[in-house]
Student: 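Dumping the structure here so I can ask a few things about it.
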2 protein chains.
Amino acid sequence: MNVTGHTRSPASIRDVAAAAGVSYQTVSRVINGHPSVRPATRERVLAAIDELGFRRNTAALALASGRSRAVTVLTANTTHYGYASILQGVEEAARAASYAVGISVLESAEEAAVAAEVRRAADAGGGLIVIAYDPAGVGALAAVPAGVPVVGVVETPASPPSGDRPWVWTDDREAAYEATRHLLSLGHETVHYVAIPSSTRRTSARTSGWRQALKEAGAPQPRPVQGSWGPAGGHAAGLKLARDPAVTAILCGNDDLALGVLRALHETGRAVPDEVSVAGFDDAPPSAYLTPSLTTVRLDFTGLGRAAFALLHGVLEESAPVAPHPVSVPELVVRESSGRAPAGR
Amino acid sequence: MNVTGHTRSPASIRDVAAAAGVSYQTVSRVINGHPSVRPATRERVLAAIDELGFRRNTAALALASGRSRAVTVLTANTTHYGYASILQGVEEAARAASYAVGISVLESAEEAAVAAEVRRAADAGGGLIVIAYDPAGVGALAAVPAGVPVVGVVETPASPPSGDRPWVWTDDREAAYEATRHLLSLGHETVHYVAIPSSTRRTSARTSGWRQALKEAGAPQPRPVQGSWGPAGGHAAGLKLARDPAVTAILCGNDDLALGVLRALHETGRAVPDEVSVAGFDDAPPSAYLTPSLTTVRLDFTGLGRAAFALLHGVLEESAPVAPHPVSVPELVVRESSGRAPAGR
DNA sequence: GCTCCTTGTGTGACCGGTCACATTCATGCG
DNA sequence: CGCATGAATGTGACCGGTCACACAAGGAGC
């Protein structure tokens, strides 16, 4: 119990040592759980810690030991559902491990700006988790200096993750493949795709899963429509697609895009799902309550964030084994926005 | 230019000092912009810093100076639009001031858990920004030990903010008042309210603004319906309200709730806005693209986050004057979901 | 009985910065 | 010309921990 109410500078291990009648090193041993401390001594030290309200100074710990027990998440945005959920997952796992979580937003995708932000984040010590679903994130991942522990959360593994620079991912390719097959199975001649900004110049995982499903079914492969991240982009893309009466099924890179597409179809008088079927990606909470409710693919972003932290934790503490990547399988959720292709034509 | 490619331990000010032929203290003066350094000396030091790729060690800085140039945001959630936007605003302002941003989620509202989390966050040094829109956040704000710099982001100022524990807020009361008046002006006899979980046992600002508008208009004051944060809660509340044919106007504590209400009305066959008008709160990005698009009150969460950081920054660096709280005025956005009350009855 | 190892504890240096103070040198002024 | 003054720089201690090592006491092995 701490009786003195007034603010004093916080107690250090030497204060605790003096109170317990031992040396500061013994206190250090107690707080680090070192075995060779006599039980009676340990008791006395713990009592002193409690009485003085001692808390280990994180700055001193980081300086002296080199370990900072912190991770920084680098992301292009904190408000998109997927990103925010990954962050929440990271935080959850980090909290359980008594790690601090930092956040650093990549405002621009411009190379120099990204590099500067990565340096700043690396300065905080600890490890980095980079959300690399977009160009800014991909650039950040590439700009991480050698020697800095980092885990990437990527759309797809472009090359097998190496031990010191591991990745986690959901199988977006498979997910897009499943969603596309679902739409084709409803009798649609083909499926159009409204893409999120691709993370690289190369084809994204979602795009390639969609394309493969079309190919296997021998369906025509229309060009993907480039969208943005938000509903506005989906709306613009939707207006374009609505003009073409041959379009009867649209897969969208995320639920926000799908929302914009739904709106565009409504505005142009095309009924969903009677005339056009729409499917999204992510299963954000609102999607189930839209009218029509949205067929989509549920992804476990929170789990992804937890897995990313687990991996990084393994890298940071040689002791903890590097866990495998338990990425959950995406799940197709069929709702009202997808239905049988209109009969005849 | 740093020619040696292999990883070495990062350069310290003593390394820089040796390279520049000065003492470490002079290097410290240069990096801190101290005036009394001869320009020629400064040049040499800067050249050495550049060559060695010197970066100030944040842990050592924090330990020696006591200032950690960091803020931690305490919040109950990172995925809700308002919370995530506030975080984004804080990060933006912090980045501009070269501050690191930490994030700490209050998973439970249970008192001991909240207190532990607050202690952990305070350990990181720097200041705290507490998002106190909900019970967990309010508890956290109360649990912050004296002496720790903190700024609260609150729904409404329960008491005038004091200098060392300032608050920022948007005028939710006024916003709810305006939204309610809008609905009344359309001829609705009264307006029902679906509430977000209140931050305190006392009436929330939104609730009280709504109530005042009803009172001034001499309209009946129905009991608010208790919702949750997400669309599911809105849906449940909407089903309840839909049963009552006298209900023609519904104000919701946030856009997610409104979405759930819209869905419930759709399911029960009540047309919006012809039979029932609905208004939300926050103007989340999807709201403009719903069908019908949602009448709502736009709040500047990002600006709120920026203001919170500015305030905290002022507290942390005595030099920087504590800026006034430039909270922007909420703005009513009228869209399709609100319309004239149904004629007759 | 002596060495040797183990257990428990203490001492000094160190991490990379900052701070308070000392020192040097050039300049201004009576 | 001598001395106070201020600019430019250096020295040592310190922040609060950790680490490597020294050292005392007690038991095992010969």
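Treat the numbers as computed from the prediction; the structure is a model and nothing was measured. The sequence lines fix the lettering, A, B, ..., with proteins before strands; numbering per chain opens at 1.
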Student: Strictly by modelled atom types, are A:Thr79 and B:Gln88 linked by a side-chain donor-acceptor pair under 3.5 Å?
Tutor: no
Student: Does the side chain of A:Ser23 come within less than 4.5 Å of A:Arg14's, by heavy atoms?
Tutor: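 Counting from C-beta outward, A:Arg14 and A:Ser23 never come under 4.5 Å.
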Student: The side chain of B:Tyr24 lies closest to which of these nucleotides: D:dA13, C:dT7, C:dG10?
Tutor: D:dA13
Student: A:Ala64 side chain: which of C:dT9, C:dC15, D:dT9 is closest?
Tutor: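 Out of C:dT9, C:dC15, D:dT9, the nucleotide with an atom closest to A:Ala64's side chain is C:dC15.
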Student: Could you go step by step and tell me if B:Arg69 and B:Glu317 meet the salt bridge (charged side-chain N to carboxylate O under 4.0 Å, His left out) rule?
Tutor: CA-CA 10 Å; B:Arg69 297 191 74 75; B:Glu317 308 197 357; 3.1 Å; yes
Student: Does B:Ser36 put a side-chain nitrogen or oxygen below 4.0 Å from OP1 or OP2 of D:dG6?
Tutor: no
Student: Is the distance from OP1 or OP2 of D:dC19 to the nearest side-chain N or O of A:Ser28 less than 4.0 Å?
Tutor: no
Student: Classify A:Ser12 by what it touches in the nucleic acid, base, sugar-phosphate, or nothing, heavy-atom distance under 4.0 Å.
Tutor: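 The residue A:Ser12 makes sugar-phosphate contact but no base contact.
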Student: Within the 4.0 Å heavy-atom criterion, would you say B:Arg42 contacts the bases, only the backbone, or no part of the nucleic acid?
Tutor: nothing
Student: Report yes if a side-chain nitrogen or oxygen of B:Ser23 is closer than 4.0 Å to either non-bridging phosphate oxygen (OP1 or OP2) of D:dT9; otherwise report no.
Tutor: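 No, outside the criterion.
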Student: Can you tell me how far P of D:dG16 sits from CG of A:Leu61, to the nearest Å?
Tutor: 14 Å
Student: Without decimals, in angstroms, what is the distance between A:Arg55 CZ and D:dG17 P?
Tutor: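 Atom CZ in A:Arg55 sits about 12 Å away from atom P in D:dG17.
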Student: Side-chain donor-acceptor pair under 3.5 Å between B:Ser104 and B:Glu117, yes or no?
Tutor: yes
Student: Looking for any heavy atom pair under 4.0 Å, which part of the strands does B:Arg29 touch: base, sugar-phosphate only, or nothing?
Tutor: base
Student: Centres of the A:Tyr83 and A:Phe301 rings: under 6.0 Å?
Tutor: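 No - the distance between ring centres of A:Tyr83 and A:Phe301 does not fall below the 6.0 Å cut-off.
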Student: Whole-Å distance between D:dG17 C1' and A:Arg69 CZ?
Tutor: 15 Å
Student: Look at the side-chain N and O atoms of A:Ser65 and state whether any lies under 4.0 Å from the OP1 or OP2 oxygen of D:dT18.
Tutor: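 So the side-chain polar atoms of A:Ser65 never come under 4.0 Å of the phosphate oxygens OP1 or OP2 of D:dT18.
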Student: Take the protein atom CD1 of B:Ile13 and the nucleotide atom P of D:dT9, then report the distance between them rounded to whole Å.
Tutor: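 Answer to the nearest Å: 16 Å.
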Student: Side chain of A:Val37 only, heavy atoms from C-beta on: which candidate in C:dT9, D:dA8, D:dG10 is closest?
Tutor: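 Among the listed nucleotides, the one closest to the side chain of A:Val37 is C:dT9.
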Student: Starting from P on C:dT9, measure out to NE2 on A:His34 and report it in whole angstrom.
Tutor: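 Between P of C:dT9 and NE2 of A:His34: 10 Å.
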Student: Give the rounded distance in Å between these two atoms: CZ of A:Arg67 and P of D:dC19.
Tutor: 5 Å
Student: Over all strands shown, is B:Arg14 touching base, sugar-phosphate only, or nothing at heavy-atom distances under 4.0 angstrom?
Tutor: base
Student: Write down the distance between CG (B:Leu63) and P (D:dT18), rounded to a whole number of angstrom.
Tutor: 12 Å
Student: State whether B:Thr41 places a side-chain N or O below 4.0 Å from either non-bridging phosphate oxygen (OP1 or OP2) of D:dT9.
Tutor: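 Yes, B:Thr41 has a side-chain N/O under 4.0 Å of OP1/OP2 on D:dT9.
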Student: Rounded to the nearest angstrom, tell me the gap between atom CG in A:Asn57 and atom P in D:dC15.
Tutor: 12 Å
